[in-house]
Each structure stands twice: as C-alpha cells, then as structure tokens.
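The structure under discussion appears below in the form of structure tokens.
When a ligand or atom number is given, it counts from 1 through the structure's own listing order.
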Amino acid sequence: MIHVKKLNHHFILGKKGQKATLPVLKDISFEVDKGEIVTVVGKSGSGKSTLLNLISGFIRPTDGEIWIDNKKVTDFTEAEFADYRLNHVGVIFQNFQLIPSMTAFQNIELALTLKGINKNERNQITMEMLKKVGIAEFQDHYPGELSGGQQQRVSIARALVLKPPIILADEPSGSLDSETEADLLEFIQKLNNEMGITFLIITHDEEVAKIGNRTITINDGRLVEGGAVR
Ligand SMILES: Nc1ncnc2c1ncn2[C@@H]1O[C@H](COP(=O)(O)OP(=O)(O)OP(=O)(O)O)[C@@H](O)[C@H]1O
C-alpha cells in the first residue's frame with residue numbers, strides 16, 4: 001500500500017552565497033501493507049516529521065520514490081496531490097494546522113464541503129465526529145479558544161472525517177491526557193479492524209507504539225530497524 005524506495009532528503013539552509021546542505025533522510029526504504037498499523041520512532045530531530053511530510057506530499061524529496069497503491073506520489077502534479085490529500089490520506093499534524101478563522105465544527109466540515117456532500121449530511125457526520133473525539137460542546141470555538149488537547153482532537157476528527165484508506169499521524173496523542181489518549185487508541189484500533197484503515201503513526205509514546213503491528217526506528221536519518229514487511 002505504501003512503498004518508500006531509497007528516499008533521500010536534504011534541506012538547504014542559509015542565504016544566497018552562504019548556503020549549507022543539511023542531510024535529513026538517508027536511503028530510507030520500507031513498505032506498509034494494507035491494514036497495518038506501523039509506528040515510527042526515533043530521537044528528536046532524526047527526520048520522522050520530514051518523512052511524514054514527504055509521504056503526505058507537502059514537500060518533495062531530493063531523491064527516491066514514494067508509491068501509494070501503485071501510484072507514484074513523487075511524480076504527482078499539484079492537482080493530483082490535492083485529490084490525493086482529499087480522498088486517499090488523512091494527515092494529523094504535530095502542530096494541528098487548524099484554520100484559525102474557522103470554528104472547530106467548520107474545520108472538520110471543510111473536507112466534506114470540498115467533497116460536495118450536502119448540508120444535512122455534513123452536519124450529521126461532523127457532529128458524529130465531534131462527539132467521537134469528545135469535543136461536541138466546543139464546536140463553535142475557534143482554534144485560538146481551545147486548549148492544545150482540544151485542538152489536537154479537532155485535527156484528529158478532521159483527518160478521519162472522510163475515512164480515508166490511509167492515515168498519517170505525527171504524535172497524535174502528544175497533547176492529550178491519558179484518558180483521552182486511551183479513547184483515541186481504541187478509536188484507531190476500531191477504524192483499523194472494522195474499516196481496514198492503514199495507519200503510519202510517529203510517536204514518542206510507548207502506549208501508542210504498542211498498538212502497532214510493527215515499529216520502524218529512524219536514527220539520524222537512517223532506518224535502522226523494522227523496515228522489512230512481516
Ligand atoms: N523546513 C526545514 N528547513 C530546514 N531544516 C529543517 C526543516 N524541517 C526540518 N528540518 C531539520 O531536519 C531535521 C529533522 O527534523 P524532523 O522534524 O523531521 O525531526 P523529527 O524526528 O520529527 O523530530 P521531533 O521528534 O523533534 O519532532 C532537524 O535537524 C530539523 O532542524
């Protein structure tokens with residue numbers, strides 16, 4: 001389902017005339033099968049978020065290929081990326097990336113609107129998601145009026161609202177208390193069991209890592225463990 005082949009990425013730092021290259025990912029190859037929950041661990045700065053940003057198409061790799069369902073994501077046009085992000089992957093960001101001028105309800109509803117779903121159905125699905133992540137009472141709050149944990153729940157609901165076949169998540173439980181985290185993990189397992197949704201989850205948290213079928217370890221930009229498919 002996800003196939004990463006010999007992925008390399010470096011960032012260019014500094015201004016013109018005094019540029020430096022920062023190699024971040026080095027020769028990363030791995031596969032994730034349909035229906036797997038794979039967790040990605042590694043020290044801070046090892047390149048985990050960069051890997052997720054590459055798979056979700058927010059940045060393009062310096063070198064290497066990413067394939068999803070036999071489609072070469074690394075060759076996508078911007079229009080193909082837009083379709084890919086709406087219909088194929090849901091992304092949960094470390095820093096939430098909510099739209100500040102939209103309420104919690106509107107942030108979650110947006111993907112449904114883009115998909116052309118009618119108002120009644122949008123209301124029903126959005127309310128269901130708000131309840132599922134336990135923030136229905138905050139539906140009219142703007143992101144700036146929500147705590148970190150509440151914003152995280154909005155971002156989780158937004159990623160899940162179209163029930164995409166793949167969810168990419170960067171520290172999805174980072175701002176949650178242990179009770180909400182347990183609910184989230186149960187919900188992820190339910191989506192995985194009942195709908196076969198595939199998850200690639202970056203985490204520092206042992207409880208989250210436990211729900212994975214497999215853990216990939218990245219150390220200083222290199223995949224050091226867990227790359228092989230079971
Ligand atoms: N847009 C960017 N421009 C330049 N350097 C970047 C950029 N994004 C990330 N980096 C650098 O790439 C390296 C890897 O960062 P990344 O965020 O992928 O690590 P991480 O493993 O996700 O860390 P953490 O666990 O702290 O979130 C770091 O040295 C970081 O400073």
Side-chain angles (χ1 to χ4, degrees), residues 2-32 36-66 68 73-74 76 78 81 84-85 89-99 143 147-149 151-156 158-159 166-178 180-181 184-185 188 198-212 214-227:
I2 304 175
H3 194 172
V4 172
K5 295 185 190 175
K6 295 187 176 299
L7 199 65
N8 286 278
H9 193 68
H10 64 243
F11 290 107
I12 307 282
L13 306 175
K15 294 192 194 116
K16 225 177 168 185
Q18 17 169 302
K19 281 186 185 163
T21 301
L22 177 70
V24 174
L25 292 177
K26 301 157 193 165
D27 207 23
I28 300 270
S29 296
F30 67 93
E31 285 182 52
V32 177
E36 275 196 295
I37 299 178
V38 172
T39 52
V40 182
V41 302
K43 284 187 189 147
S44 178
S46 58
K48 305 180 298 296
S49 298
T50 304
L51 177 64
L52 208 92
N53 285 332
L54 288 164
I55 298 175
S56 45
F58 290 106
I59 50 175
R60 304 232 181 205
T62 312
D63 197 20
E65 296 175 4
I66 298 166
I68 307 270
V73 172
T74 30
F76 275 179
E78 287 311 314
F81 266 127
Y84 168 67
R85 280 195 291 262
V89 291
V91 186
I92 302 171
F93 299 94
Q94 198 170 15
N95 52 0
F96 321 130
Q97 306 269 24
L98 299 174
I99 299 175
S147 72
Q151 290 182 55
Q152 186 141 41
R153 288 191 255 180
V154 177
S155 87
I156 291 164
R158 180 185 57 180
I166 302 171
I167 305 269
L168 307 171
D170 197 348
E171 299 284 359
S173 66
S175 302
L176 304 181
D177 56 68
S178 55
T180 319
E181 175 183 299
L184 171 67
L185 297 184
I188 287 177
T198 304
F199 285 85
L200 185 65
I201 306 173
I202 294 176
T203 188
H204 278 108
D205 186 321
E206 283 177 19
E207 292 304 312
V208 180
K210 270 189 213 156
I211 72 162
R214 200 149 55 89
T215 297
I216 286 173
T217 307
I218 297 190
N219 186 3
D220 192 22
R222 286 188 193 280
L223 195 157
V224 291
E225 216 181 312

Roughly how far, to the nearest 0.5 Å, is the CG atom of Leu223 from the CG atom of Leu51?
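Atom-to-atom, Leu51:CG and Leu223:CG are 8.5 Å apart.
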
Roughly how far, to the nearest 0.5 Å, is CZ of Arg158 from CZ of Phe96?
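CZ of Arg158 is found 11.0 Å from CZ of Phe96.
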
Single hit among Thr50, Val73, Ile68 for side chain to side chain contact (heavy atoms under 4.5 Å, CB included) with Ile55:
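Exactly one candidate clears the test, Ile68.
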
Please tabulate protein-ligand N/O pairs under 3.5 Å for ligand 1, atom names and distances to 0.1 Å.
| unit_1 | atom_1 | unit_2 | atom_2 | d |
| --- | --- | --- | --- | --- |
| ligand 1 | 18 (O) | Ser49 | N | 3.4 |
| ligand 1 | 18 (O) | Thr50 | N | 2.9 |
| ligand 1 | 18 (O) | Thr50 | OG1 | 2.6 |
| ligand 1 | 19 (O) | Gly47 | N | 3.3 |
| ligand 1 | 21 (O) | Gly45 | N | 3.4 |
| ligand 1 | 21 (O) | Ser46 | N | 3.1 |
| ligand 1 | 21 (O) | Ser46 | OG | 3.4 |
| ligand 1 | 21 (O) | Gly47 | N | 3.0 |
| ligand 1 | 21 (O) | Lys48 | N | 3.0 |
| ligand 1 | 21 (O) | Lys48 | NZ | 2.8 |
| ligand 1 | 22 (O) | Ser49 | N | 2.8 |
| ligand 1 | 22 (O) | Ser49 | OG | 2.8 |
| ligand 1 | 23 (O) | Gly45 | N | 2.8 |
| ligand 1 | 25 (O) | Lys48 | NZ | 2.8 |
| ligand 1 | 26 (O) | Ser44 | OG | 2.6 |
| ligand 1 | 27 (O) | Gln94 | NE2 | 3.4 |

Do Arg85 and Phe58 meet the cation-pi criteria used here (NZ or CZ under 6.0 Å from the six-membered ring centre, within 45° of the axis)?
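Yes; both conditions hold, so Arg85 lies above the ring face of Phe58.
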
By salt bridge (Lys or Arg N to Asp or Glu O under 4.0 Å) - contacts of Lys26 (at least two apart)
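Listed in chain order: Asp220.
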
Taking the side chain as every heavy atom from C-beta outward, state whether Gln152 and Leu184 have any atom pair closer than 4.5 Å.
no

